[in-house]
Novice: 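Before anything else, here's the structure in question.
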Protein chains: 2
Amino acid sequence: MTIREVAERAGVSVATVSAVINENKYVSDELRSRVLQAIRDLDYRPNRWAKSLATGKGYTIAYVVPDITNPIFSQITKGIQEVANGQNYSVILCSTNFDSPTLQRYVDWILEMRVDGVVFTGSHHQQSLDEMIRIVKAGIPLAAAMAPGSAEFVDRILINDQEAACQAVTILQNQGCHAVAFLGVSESTTSLKRLRGYQEAVTVYSPELTAFGADFTWQDGYTAMQAILSRGCLFDGVFAGSDLMALGAAAALREHSRRIPDDIQLMGFDNTYAHLADSPFQSMAIPAFDIGKTAADVVFWRMNDRQRPPTTTTLQARLVGPAAASRKGEFQQQ
Amino acid sequence: MTIREVAERAGVSVATVSAVINENKYVSDELRSRVLQAIRDLDYRPNRWAKSLATGKGYTIAYVVPDITNPIFSQITKGIQEVANGQNYSVILCSTNFDSPTLQRYVDWILEMRVDGVVFTGSHHQQSLDEMIRIVKAGIPLAAAMAPGSAEFVDRILINDQEAACQAVTILQNQGCHAVAFLGVSESTTSLKRLRGYQEAVTVYSPELTAFGADFTWQDGYTAMQAILSRGCLFDGVFAGSDLMALGAAAALREHSRRIPDDIQLMGFDNTYAHLADSPFQSMAIPAFDIGKTAADVVFWRMNDRQRPPTTTTLQARLVGPAAASRKGEFQQQ
DNA sequence: AACGGTTAGCTAACCGTTTAGCTTCGGAGG
DNA sequence: CCTCCGAAGCTAAACGGTTAGCTAACCGTT
């Protein structure tokens with residue numbers, strides 16, 4: 001069970017056993033094999049807590065996420081896991097459910113548990129930023145993925161929201177759209193960037209073709225679309241802030257007997273649901289898995305070099321069309 | 001930083017500080033407040049590793065899951081987190097991506113990390129069972145949620161698949177359906193149970209109204225539905241193995257100009273996507289969050305009583321109709 | 001033969017808690 | 001006044017690793 005028993009059985013000292021396990025010092029082949037044999041005989045596994053206590057490393061990184069149920073975030077999780085596991089680290093999950101006290105409790109934990117690093121995906125609230133600062137101040141490497149952190153003091157992983165939005169609208173225009181509507185979310189910096197991209201793409205910007213909800217939900221998309229429809233202005237394309245909003249918008253359009261894609265071209269964002277709609281629409285896919293991988297990479301970099309100035313990595317969203325979209329649902333059950 | 005510094009500053013012994021922190025022994029109000037003040041002054045946080053080493057408890061449970069991306073599983077995760085956090089435990093995530101070597105590596109870890117408990121949601125492969133056995137044999141409390149573990153040696157949390165399927169079909173019949181088709185998955189014990197429930201509900205069982213895919217995906221639903229349609233038999237209701245399959249089926253039906261719900265009543269399972277469809281359909285909702293909560297509860301029970309015979313808890317799936325289904329998408333982004 | 005350098009391996013201190021068991025003190029009962 | 005008891009607090013030994021620093025053996029020089 002303990003390293004001492006292994007040492008005894010192999011007839012060596014604990015230091016030698018430790019050296020064999022960690023492969024860091026010269027041990028003669030003779031002793032090494034005796035030690036390995038003893039380890040096998042006893043089915044010995046080093047005690048992680050003792051090791052952590054002695055070395056000061058916990059081999060653990062935390063992932064702070066508003067809602068693990070969101071497909072984007074759960075894909076990010078996978079990316080983080082992939083690189084963390086590759087380094088023999090485990091990932092502990094902190095899903096805050098957009099709840100401030102919960103977030104605060106998690107950060108307390110993170111500080112107490114002496115986690116080695118943190119990947120942080122936050123909402124656009126101020127509090128997220130404050131909590132990130134607490135973590136950084138405690139000297140724990142942190143990567144902010146798709147998080148507000150406009151700051152220069154944390155490593156960030158972003159996507160090219162503005163550019164991607166511009167591309168999306170341009171694509172719609174190339175497909176023949178003359179007037180593209182924009183469905184966004186007020187108070188979201190992400191949505192704001194996309195609005196800028198939209199404005200960049202349209203030659204004249206008419207505010208009555210834009211509407212904003214409180215969040216990226218079906219309901220918000222539905223309501224925003226209704227709002228634009230009720231204004232009676234003409235449009236033949238819609239760029240929605242998320243696929244869920246696009247689905248909501250589609251429902252509103254259907255109620256007004258506008259057909260997709262015949263009457264209206266629809267473009268979503270994040271490519272989570274686009275291919276599941278009755279009339280599949282286009283969507284800008286967020287490289288969520290890569291975001292997770294990159295964020296974890298960044299955390300490990302910083303673990304090895306705490307001095308390096310903060311970096312910002314920007315990943316590209318890319319178009320997924322109804323044709324390109326795989327119809328093989330990715331979800332399995334049982 | 002350490003308990004000794006706190007003790008020194010408060011002018012007491014380390015044992016007293018420990019007693020104050022853990023509230024387990026009598027300490028006079030006088031000393032208690034001095035200690036608490038010192039803790040606040042120094043922003044002291046006990047070292048988890050040292051604590052774990054001394055107590056033999058890690059305050060950690062692991063969640064083994066085939067695919068965190070699956071909405072059902074990510075909701076289970078939330079349930080686990082809720083109760084684990086309530087007990088001051090953290091959850092470490094092990095998403096295996098249906099990959100055997102990955103699963104094996106995770107189990108090795110779990111054994112090495114001396115996790116206090118495990119919630120296991122597995123696929124229907126034999127290997128899942130083997131790995132569960134390894135964990136149980138190591139004496140680690142384990143709850144199998146929606147996992148095959150037909151065994152009597154692990155605590156299980158299941159849903160009433162057969163009964164729920166029977167109910168679902170009966171509901172369709174009560175809504176006027178005379179012939180209900182069944183879309184299942186071959187080699188899935190879950191699907192098999194539902195088939196039994198289906199057979200229980202229909203008075204005469206005609207195999208040509210059933211079709212099976214390889215998994216619970218959109219594509220499988222689509223293909224299975226096509227198969228039944230191509231047989232030319234009459235039906236006015238469809239019971240699908242998952243909401244994704246139902247969406248696939250809906251697409252197939254649409255291609256054959258069958259309208260939902262006018263011509264065909266559609267019933268899904270798991271209630272993950274039902275409310276997002278163009279023609280929302282009914283679905284049997286799996287109480288995923290409660291499954292997670294219950295599984296975690298069971299793990300904690302067993303941590304406190306290793307002798308108790310294994311239990312099986314069965315939770316009920318319940319109908320969610322298009323009317324009842326909330327149109328407020330639950331997913332948010334950024 | 002004496003010496004220094006190198007190397008394999010060992011001893012023991014340390015990481016920061018918990019906790020059994022001991023001391024001290026004050027008050028109640030005889 | 002003495003005894004006994006319980007409460008409050010302390011001391012020191014674990015828990016199971018890592019690792020600095022020491023020892024002993026071996027080998028090539030001079």
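Order of the sequence lines fixes the chain letters, A, B, ..., with proteins taken first and strands second; residue numbering starts at 1 for each chain.
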Novice: Looking at A:Y44, I'd like to know whether one of its side-chain N or O atoms comes within less than 4.0 Å of OP1 or OP2 on D:dG17.
Specialist: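 So the side-chain polar atoms of A:Y44 do come within 4.0 Å of the phosphate oxygens OP1 or OP2 of D:dG17, strictly under.
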Novice: Check the phosphate of C:dG16 against B:K51, side-chain N and O only, distance under 4.0 Å to OP1 or OP2. Yes or no?
Specialist: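 Negative; the distance criterion is not met.
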Novice: Side chain of B:S28 only, heavy atoms from C-beta on: which candidate in C:dG16, D:dT18, D:dA8 is closest?
Specialist: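 Ranking C:dG16, D:dT18, D:dA8 by closest atom to the B:S28 side chain puts D:dA8 first.
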Novice: Choosing from C:dT17, D:dT19, D:dG17, which nucleotide comes nearest the side chain of A:A15?
Specialist: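 Among C:dT17, D:dT19, D:dG17, the one nearest the side chain of A:A15 is D:dT19.
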Novice: Taking only the side-chain nitrogens and oxygens of B:N22, find out if one of them lies under 4.0 Å from OP1 or OP2 of C:dT18.
Specialist: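 For C:dT18, OP1 or OP2 has a side-chain N or O of B:N22 closer than 4.0 Å.
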Novice: B:E23 CD to C:dT18 C1': how many Å, rounded?
Specialist: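 Spelled out: CD on B:E23 to C1' on C:dT18 is 16 Å.
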Novice: Please report the distance, rounded to the nearest Å, between CD in A:E8 and C1' in C:dT11.
Specialist: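 Rounding to the nearest Å, CD of A:E8 and C1' of C:dT11 are 16 Å apart.
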Novice: Select from B:G11 and B:L53 the residue whose nearest nucleotide in DNA chain D is closer to the 5' end of that strand.
Specialist: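 Closest to the 5' end, via its nearest nucleotide, is B:G11.
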Novice: Can a donor-acceptor pair under 3.5 Å be found between the side-chain atoms of A:R48 and the base atoms of D:dG17?
Specialist: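 No pair found.
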Novice: Under 6.0 Å from the NZ atom of B:K293, do we count more than 12 heavy atoms belonging to anything else shown?
Specialist: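 Atom NZ in B:K293 is not packed in, count stays at 12 or less.
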Novice: For C:dC10, take OP1 and OP2 only and decide whether either is under 4.0 Å from a side-chain N or O of A:S13.
Specialist: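 Answer yes for this pair, as a side-chain N or O of A:S13 is under 4.0 Å from OP1 or OP2.
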Novice: Once you round to the nearest 0.5 Å, how far does CZ of B:F120 lie from OG of B:S128?
Specialist: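 Answer rounded to 0.5 Å: 4.5 Å.
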Novice: Which nucleotide, if any, forms a Watson-Crick or G-U wobble pair with C:dG27, using both distances under 3.5 Å?
Specialist: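 D:dC4 - that is the nucleotide pairing with C:dG27, both distances being under 3.5 Å.
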Novice: Which of these nucleotides, D:dG16, C:dG9, C:dT18, is closest to any side-chain atom of B:V14?
Specialist: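 Nearest nucleotide to the side chain: C:dT18.
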Novice: Would you kindly give the CH2-to-P distance between A:W49 and C:dC14, to the nearest whole Å?
Specialist: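 Going from A:W49 (CH2) to C:dC14 (P), I get 25 Å.
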Novice: Please tell me which of A:A19 and B:T16 maps to the more 5' nucleotide of DNA chain D, matching each residue to the nucleotide holding its nearest heavy atom.
Specialist: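 Per heavy-atom nearest nucleotide, the more 5' residue is B:T16.
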Novice: If only side-chain N and O atoms of B:S18 are considered, is one of them under 4.0 Å from the OP1 or OP2 phosphate oxygen of C:dT18?
Specialist: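 Answer is yes, contact under 4.0 Å.
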Novice: A:D290 pairs by side chain to side chain contact (heavy atoms under 4.5 Å, CB included) with which of A:I159, A:L315, A:I157?
Specialist: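 Among A:I159, A:L315, A:I157, the one meeting side chain to side chain contact (heavy atoms under 4.5 Å, CB included) with A:D290 is A:L315.
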Novice: Name the closest nucleotide to the A:A50 side chain, picking from D:dG16, C:dT18, C:dG16.
Specialist: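 Comparing D:dG16, C:dT18, C:dG16 against the side chain of A:A50, the answer is D:dG16.
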Novice: Salt bridge between A:E30 and A:R34, side-chain N to carboxylate O under 4.0 Å?
Specialist: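 Counted as a salt bridge, because a side-chain N and a carboxylate O are separated by less than 4.0 Å.
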Novice: So which nucleotide from D:dT18, C:dT18, D:dG9 ends up closest to the side chain of B:A54?
Specialist: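 Of the options given, the side chain of B:A54 lies nearest C:dT18.
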Novice: Are A:R156 and A:V154 side-chain neighbours, meaning at least one heavy-atom pair lies under 4.5 Å?
Specialist: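 A:R156 reaches A:V154 side chain to side chain.
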